[in-house]
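Residue numbers start from 1 in every chain, and the chains themselves are labelled A, B, ... in the order their sequence lines are given, proteins ahead of strands.
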Amino acid sequence: MYLWLALLWIIGWGVVGAVLIPRVYARRDLDVSQAALAGAMVGAASGPFGLALLAYFTPRLDWKWVVVPGAATVAIFLTAFAATYPNNLCVSNSAFVLTQVVNGLVVGIIYGLMALGLTLIFSILGIVSFAHGEFYMLGGMFVYYLTQEWFPGLHPLAAVVVSAVLTFVIGALFEVLFLRPMNTGQVERPGEYAILVTFGLSFFLQYTTLALVGANPKKVPRYFDYPRLAIPGEEGSLLKVTPGTVRLFEEIVIPSPRVTAAVIALILLGLLMWFLYRTWIGKALRAVSQDRQAAAVTGINPNVMNTLAFGLGGMLAGLSGASLVQVFSWVPWVGTQAAARSFVIIVLGGMGSLPGAFVGGLIVGVVEALGAGCVPDPHRAAAYIPAYGMLILVLVLLLKPTGLFGREL
Amino acid sequence: MKRVLWSVLLIVAILVAMVPMAVAAPARQGDAGFDYIVVKDDWLSKLALKYLGDVFAYPAIAYYTNQKAAEDPSYAKITDYDLIEIGWKIYIPSPEEAQAYFATRAQTLGVTEGETIKIGALAPLSAPGSVTGGQAMKAAFEIALEEINEAGGVLGKPVELILVDTEGLPERGTAAMERLITQEKVVGVVGEYHSAVGLTAKEVAHKYGIPIIFAETWNDNITASLYPEVFRIAPLSSEVANLDANFIQWLGAKKVVIMTENTGYGIPAAEQTTKKLEERGIEAVTFSADIGTQDFSGIIERIKAENPDLILVLLTGETSYNFEQQAAEAGIGPQDVMMICNQVADDSESFWKNVPDGNLCFYRKVGLPPVLWNEKTKAFAEKYMERTGKTGVESYAMEAYDSLWLMATAINNAGSTDPQAIIEALENIEYEGVLGTITFPYNSKNPPSEAGVEDKWWHQFPDFAAVFIQYQEPGQPSSEAPVVYPEKFQTAPPILP
Amino acid sequence: MIELEVRNVVKHFGGLQALKGVSFRINGPERIGLIGPNGAGKTTLTNIISGVIKPTSGTVYFNGERIDPLKPYEIARRGLGRTFQITRAFRRMTVMENMLVPALALHPTANRRALEKKATEILEFLTIDHLAREFARNLSGGQQKLLELGRLLMLDPKLIILDEPFAGVHPKLRQTIWDFIVHVNENLERAFIIISHDMDTIFTLSKRLLVLNYGELIADGDPEAVRKDPRVIEAYLGEEEEEVAA
Amino acid sequence: MNRNALWIWLPLGLGVVVMLLAPLALVSRPYIMHIAIVAYFYAILASSWALLAGYGGQFSFGHMAFMAIGAYTTGLFAKFVRLTTVPTGVCPEITVGSYTLFLLNPVTAGEPTCLDIAKATMPAGTLIYRPPIYVGILLGVLLGGVFGFLIGVLVLRLRQAYLALFTIGFSEILRVALNAEIAITDGPNGLELPPLFPKGVTIFGMYFDATSKIPPYYVMLFLFLGSMVFMHWLASSRYGLFFRSIREDEEAAAALGVNIVRYKVLLFVITSMIAAAAGAVEAHYIGVITPNILLILQMSLVIAMAVIGGMESLVGAAIGAILIEFALEFLRQNITIGPWTIDMTDWRLVFFGLLLMLTLRFQNNGLIYPIIQRLTRAGVTEEIAARRRLVPETVQEGEG
């Protein structure tokens with residue numbers, strides 16, 4: 001009951017604030033870039049009182065005006081939630097909440113890696129690849145076929161590397177064949193063309209895979225069996241490792257394949273950062289993403305960079321697939337939801353922002369875990385999983401289309 | 001101009017691609033056979049299309065050429081249909097000769113020349129349907145079809161099976177039924193996996209009065225609408241719930257978590273099971289998830305907090321594997337609490353690959369327990385596993401196989417393809433199948449209302465057997481996994497975690 | 001009546017002061033050149049007058065009505081037309097369709113044939129009437145500039161702001177544009193504000209010159225006076241090289 | 001009427017005549033009729049999407065969501081709304097005159113609704129009516145328009161990929177909600193709807209029962225032709241010019257006096273209403289509607305139809321949709337399990353994806369539109385060349 005009242009308050013005054021405050025600011029010739037978001041947050045947190053003050057004094061809006069009332073809104077929501085469902089595990093059991101958060105973070109790292117590929121493509125080519133999920137699917141499929149069917153006994157990590165190369169090649173090939181014409185003026189509406197042609201690619205890859213490998217779920221055994229380990233000791237251990245699980249503080253259990261996947265993802269992130277910031281090609285890529293013309297003048301061939309970026313982007317998706325095929329069962333349509341999640345992440349983080357993709361991945365991971373963990377009705381909790389991310393997407397696009405770390409639109 | 005040319009070319013290409021599929025090109029009549037020297041870019045099917053008007057008539061060319069080669073060495077000998085060389089002399093038969101060849105060939109297969117009897121089949125073969133299930137059913141249909149035709153077909157004519165993809169979508173189910181009945185003029189329809197599709201398909205069958213035997217649609221309402229055309233050899237959802245509840249009670253569980261999929265199969269099944277469990281004083285909590293959910297970690301923590309003695313998995317396909325393995329990894333797998341895994345676990349190779357930590361899983365298997373397998377079941381299982389490379393036979397494959405055989409038998413019994421006659425034959429049938437002896441005791445002569453049973457038993461195969469099997473060693477093939485319940489079939493006691 | 005009054009317009013972009021209180025008046029069908037070094041605020045001023053951006057402070061009146069709070073399309077419908085620095089023809093529409101957009105926006109219920117006739121006349125003057133059914137994307141750059149001018153005239157504007165009308169145009173077409181401006185200004189009595197980097201053209205073409213430098217209006221007068229203005233000379237000293245490049 | 005116009009109107013007129021008379025030939029082949037009805041349904045969706053995206057440049061992936069809003073509105077209306085002569089006293093209701101309009105409460109299967117409870121107390125002979133189908137359809141169209149307005153206003157600032165992502169998000173949320181709220185929408189099982197003419201219909205003295213395909217064929221055909229005529233009129237009126245100018249360059253259009261906000265929102269409202277109408281009629285025809293029609297796969301089908309036909313042409317998109325619907329159905333037919341098996345179920349969508357990509361890459365305007373354009377623009381080049389000679393002073397080439 002309290003919860004619904006609180007939600008009504010938050011949404012109602014949030015909308016009022018989001019609509020009203022920009023108008024007030026515009027009328028007074030003030031900077032309105034943050035007004036919608038700040039208005040929504042202040043409205044949601046403090047209702048008419050805060051809004052009246054804001055409209056009267058019209059202070060300069062910086063990030064504080066978003067973060068503080070934002071936090072207050074979350075606090076109101078949580079309080080109302082706790083008051084309505086005092087027996088909910090998210091209220092009564094801190095270990096449970098912690099487990100959910102840690103689980104969300106672990107998965108979020110991998111989501112982030114995948115979204116990083118998408119954001120890399122966006123920052124260089126200026127397009128959103130709708131075929132991103134299929135690269136993720138292919139990455140996993142390649143590892144499965146390499147280690148289980150074609151070369152049994154091949155070390156999974158070697159297969160991960162090969163699968164990365166293959167997804168890179170597919171991405172680069174597609175870029176050369178279908179996306180390059182965009183830059184040479186052969187295509188009338190580049191933006192729309194890019195959406196559609198990647199869409200077509202997604203269709204093509206998914207159904208070709210289905211026709212070739214069928215619908216039976218595939219899975220690779222976990223890459224590493226961890227040694228048994230307990231720190232400091234078996235009793236009251238802080239960290240306890242068994243072949244299949246990693247246990248923190250006795251309470252938080254993370255399956256080991258996920259830890260492996262997250263560690264692979266973190267290593268890859270490091271490699272990617274090194275590549276982008278320390279190598280000549282990486283610097284050239286970043287230069288192209290900042291200013292195409294200027295980069296071209298300094299002798300960087302933007303076409304090559306495009307191919308490289310699309311291949312790399314596909315490869316990152318493929319790598320996250322390759323590291324998750326030991327966690328989830330793999331079918332040809334496995335990429336659809338993963339792709340949708342990547343869209344959410346890059347919008348949340350800011351399109352084209354690398355740190356944004358990583359942070360966005362963590363946030364989405366945690367939100368999904370908490371959503372599944374905390375929504376009171378057990379029937380709805382999991383059924384709405386795909387919607388949690390989409391809700392973030394829609395809200396971000398409405399309130400702050402540039403995302404957390406985005407450049408101006 | 002160039003663009004228009006392109007467009008016209010592409011459209012023409014599409015249309016040309018469609019034409020041979022829509023209408024088979026008529027064979028040219030009256031031409032005599034002749035010799036032909038192979039030139040560049042020839043291949044047999046192309047020649048067959050060109051001279052015989054049928055792209056699939058190439059075996060006839062090979063047959064006659066080889067016959068001539070036996071007498072006259074100047075003719076080439078074709079051992080591989082895909083390999084002909086430039087300069088080879090081959091013999092292109094006249095269309096009559098080609099037809100004669102196919103007629104004799106058909107006879108050697110036990111099929112008489114002439115029109116075929118068409119039976120329609122429904123199965124989900126593309127997403128969002130359960131492609132896994134659909135493909136298994138398809139393989140079973142193929143086996144049954146071959147056997148039927150080898151045994152001489154139906155009413156002395158070969159059976160033609162027209163399998164239509166329903167995509168798991170009710171609206172596609174309607175379209176598929178419309179097509180089968182009005183376009184293909186099938187005399188009966190068999191199959192289907194998804195209950196949601198079954199619910200709409202039965203309406204079309206009823207509208208046109210064509211008999212349909214449902215293979216794997218468990219929803220009670222399918223038979224409960226008392227349509228004379230609708231038969232079912234799959235179990236009833238509510239009865240399965242009853243079986244599950246009995247088993248759970250027998251295992252001694254006090255608190256059960258049901259993890260179900262958010263579909264026309266999962267939701268009612270979970271509701272019915274909950275009801276049956278409550279009648280037995282067992283507490284049940286249901287969690288539901290979208291099909292295709294990958295990450296269950298959030299839900300699994302909640303299930304853990306419920307502290308159940310038993311988890312019943314009503315998810316299907318890869319979603320069930322995802323849940324079972326993740327539960328095992330999080331410490332509430334089958335080795336920690338009792339878990340009734342989904343029946344897809346019966347494909348043990350796939351199961352162990354996807355759920356390596358799934359030892360001690362129970363699963364329900366509809367159909368006869370292996371100890372009671374008849375010769376037919378064993379023969380089918382062998383063929384099926386050979387064809388699909390699987391290590392077990394799913395119940396829906398058995399049901400698909402039986403549904404087609406049942407329809408063929410009924411037509412033979414009826415002695416005609418008249419729908420009314422077939423329906424009557426089905427009502428009186430007593431057919432030995434891989435599922436056991438199939439009968440439909442609650443029919444127009446013995447309606448459920450008079451027999452004192454619920455409407456859902458109408459035209460329902462009542463004796464569907466179901467046993468519970470448990471994997472007791474990691475990697476165990478399902479054929480070796482023991483039956484643990486019911487006790488009269490028990491081959492080993494259950495191992496409780 | 002043509003009367004534009006810009007009163008003390010100030011515009012900030014973050015910390016940057018793009019305009020520092022610009023005021024001027026236009027009365028009647030004048031032909032005004034607006035010049036200034038790069039970054040002087042010429043485009044900002046145009047955008048404020050046409051309503052694309054709002055001034056931080058200050059007001060703009062057009063024919064006695066305050067227009068700075070209005071939306072761009074409302075300002076356009078009041079008879080204040082503009083072009084953009086880069087050519088912005090509607091590329092996937094035919095020349096005639098390009099011409100009809102402003103006309104129908106202004107007179108939604110007008111007889112289409114009459115509008116087409118009017119458009120044809122304008123196109124004839126601009127020597128591109130034979131291209132009426134051609135898609136704008138198939139026109140050369142100069143022809144697209146001509147189309148933009150013609151399209152603007154269909155809006156029946158009282159005051160026309162042209163942003164670099166001669167940039168990158170073939171010398172022969174340049175003459176056509178020049179004639180067009182003079183014709184519309186003198187025969188149809190419309191006012192012009194022309195922004196250009198091309199000093200020769202602008203000094204010859206305009207009757208009055210406004211000079212912006214660092215967001216301030218440093219000169220306002222007839223071309224000869226402006227040419228001798230020490231502040232203008234100072235502003236342009238050392239800028240000549242860049243001007244040519246632009 | 002000149003020669004060119006004849007070449008356009010003749011085939012179009014012939015096509016319409018064929019469509020009108022087709023049932024005479026197909027009366028014994030309901031399956032072909034069925035495909036035709038579904039093809040018209042997709043044609044309406046593809047052409048209205050072409051108006052939205054091809055003309056207006058609003059790249060929405062939410063078109064199926066509006067269709068679903070239309071379908072579910074009329075479905076829920078038929079499921080929950082009843083009229084009676086006596087107030088029930090237990091259901092939420094309003095009484096107007098001697099009639100009471102009331103809502104049934106959502107219940108899980110098997111439980112009694114408030115009407116079942118109320119029936120016990122109602123006097124004998126009380127009449128309970130289902131409101132007519134067309135009211136539900138109109139409501140669906142209206143609600144489609146309302147949602148179109150809301151989405152149109154919300155996405156004003158968003159371009160291209162952002163708009164695409166926003167609309168995907170909207171449509172996914174709707175799908176998940178329809179899936180999860182089983183008590184109301186019947187979830188993935190699908191909401192069952194009464195047929196378009198529950199009691200059958202008599203046209204020109206001929207009676208057609210509720211299951212006959214002829215009345216729904218004509219309803220869908222007239223909806224299709226009607227919306228085509230309307231959209232064609234709209235596209236060739238000033239609205240069409242404004243939509244296209246907004247697609248080309250919003251800022252330039254505004255500088256020429258076009259009220260961008262108004263026309264963008266209007267475009268969303270109109271196309272959403274058309275989609276909703278198609279969805280409502282289709283849902284009644286099929287008899288069941290499931291949330292799966294909101295899968296991105298279904299949306300991509302509509303988009304691909306429009307693209308392959310030609311996004312910038314309403315007629316092109318419609319023809320593309322009809323051709324592809326028939327092609328997909330016939331390609332599907334090839335799964336015969338006889339001596340030879342060609343598994344088209346697996347490969348047909350592969351070819352379809354390939355066709356989409358190749359069309360985009362090499363035939364940007366689709367496959368149908370260039371042909372139409374060739375007819376409508378026949379002679380333009382010659383005319384330009386001819387008139388150029390008449391105007392010798394024309395300067396040949398600028399140096400853009």
Check whether any side-chain N or O of D:R361 sits under 3.5 Å from a backbone N or O of A:P181 as a donor-acceptor pair, and report yes or no.
-> no
Using side-chain contact (heavy atoms from CB on, under 4.5 Å) as the criterion, list what pairs up with D:D186, not counting sequence neighbours.
-> D:K79, D:L191
A:V347 versus chain D, the contacting section by heavy-atom distance below 4.5 Å | side chain
Contacting region of D:F170 [heavy-atom separation from chain A under 4.5 Å] | backbone
Sort D:I303 into side chain, backbone, both or neither according to what part of it lies under 4.5 angstrom from a heavy atom of chain A.
-> side chain
Honestly, the part of A:L201 sitting under 4.5 Å from a heavy atom of chain D is both
Which atoms of A:Y388 approach chain D - backbone, side chain, both or neither, heavy atom under 4.5 Å = neither
Here the pair of heavy atoms bringing D:I173 nearest to A:M390 is CG1-CB, 3.6 Å
Among the options D:L356, D:L165, D:V307, pick out the one with the most heavy-atom pairs lying under 4.5 Å from chain A.
-> D:L165
Determine the minimum heavy-atom distance between D:A161 and A:V128, stating which atoms define it.
-> CB-CG2, 3.5 Å
Return the option, out of D:G57, D:A180, D:A164, D:A304, with the maximum number of heavy-atom pairs under 4.5 Å with chain A.
-> D:A180
Can you tell if the side chain of D:M357 reaches within under 4.5 Å of the side chain of A:F203, non-hydrogen atoms only?
-> no
Side-chain (D:R157) to main-chain (A:L398) donor-acceptor, under 3.5 angstrom = yes
What are the two closest heavy atoms between D:V176 and A:P386, and how far apart are they?
-> CG2-CB, 3.9 Å
Measure distances from D:E312 to the heavy atoms of chain A and classify the residue's part below 4.5 Å as side chain, backbone, both or neither.
-> side chain
Evaluate whether atom CZ of D:F149 has more than 12 neighbouring non-hydrogen atoms of other residues, nucleotides or ligands under 6.0 angstrom away.
-> no
Please round to the nearest 0.5 Å and tell me the distance separating atom CZ of D:F166 and atom CG of A:L393.
-> 8.0 Å
Assess the pair D:F61 and A:F199: is the distance between their ring centroids shorter than 6.0 Å?
-> yes
Distance col, row D:L163:CG vs A:L397:CG, nearest 0.5 angstrom, shows 9.5 Å
After noting the C-alpha distance and the side-chain angles of D:L360 and A:Y193, does the key distance pass the side-chain contact (heavy atoms from CB on, under 4.5 Å) rule?
-> CA-CA 7 Å; D:L360 280 164; A:Y193 170 80; 3.8 Å; yes
D:A177 versus chain A, the contacting section by heavy-atom distance below 4.5 Å = both
Quick one: which of A:I385, A:I392, A:L391 has the most heavy-atom pairs under 4.5 Å with chain D, could you say?
-> A:L391
Flag the one option from A:F122, A:F343, A:F130, A:F178 with the top tally of heavy-atom pairs under 4.5 Å to chain D.
-> A:F178
Interatomic distance, CZ@D:F352 vs OH@A:Y207, rounded to 0.5 Å, equals 10.5 Å
List for me each residue that meets side-chain contact (heavy atoms from CB on, under 4.5 Å) alongside D:R262, sequence neighbours excluded, and say none if there are none.
-> D:N259
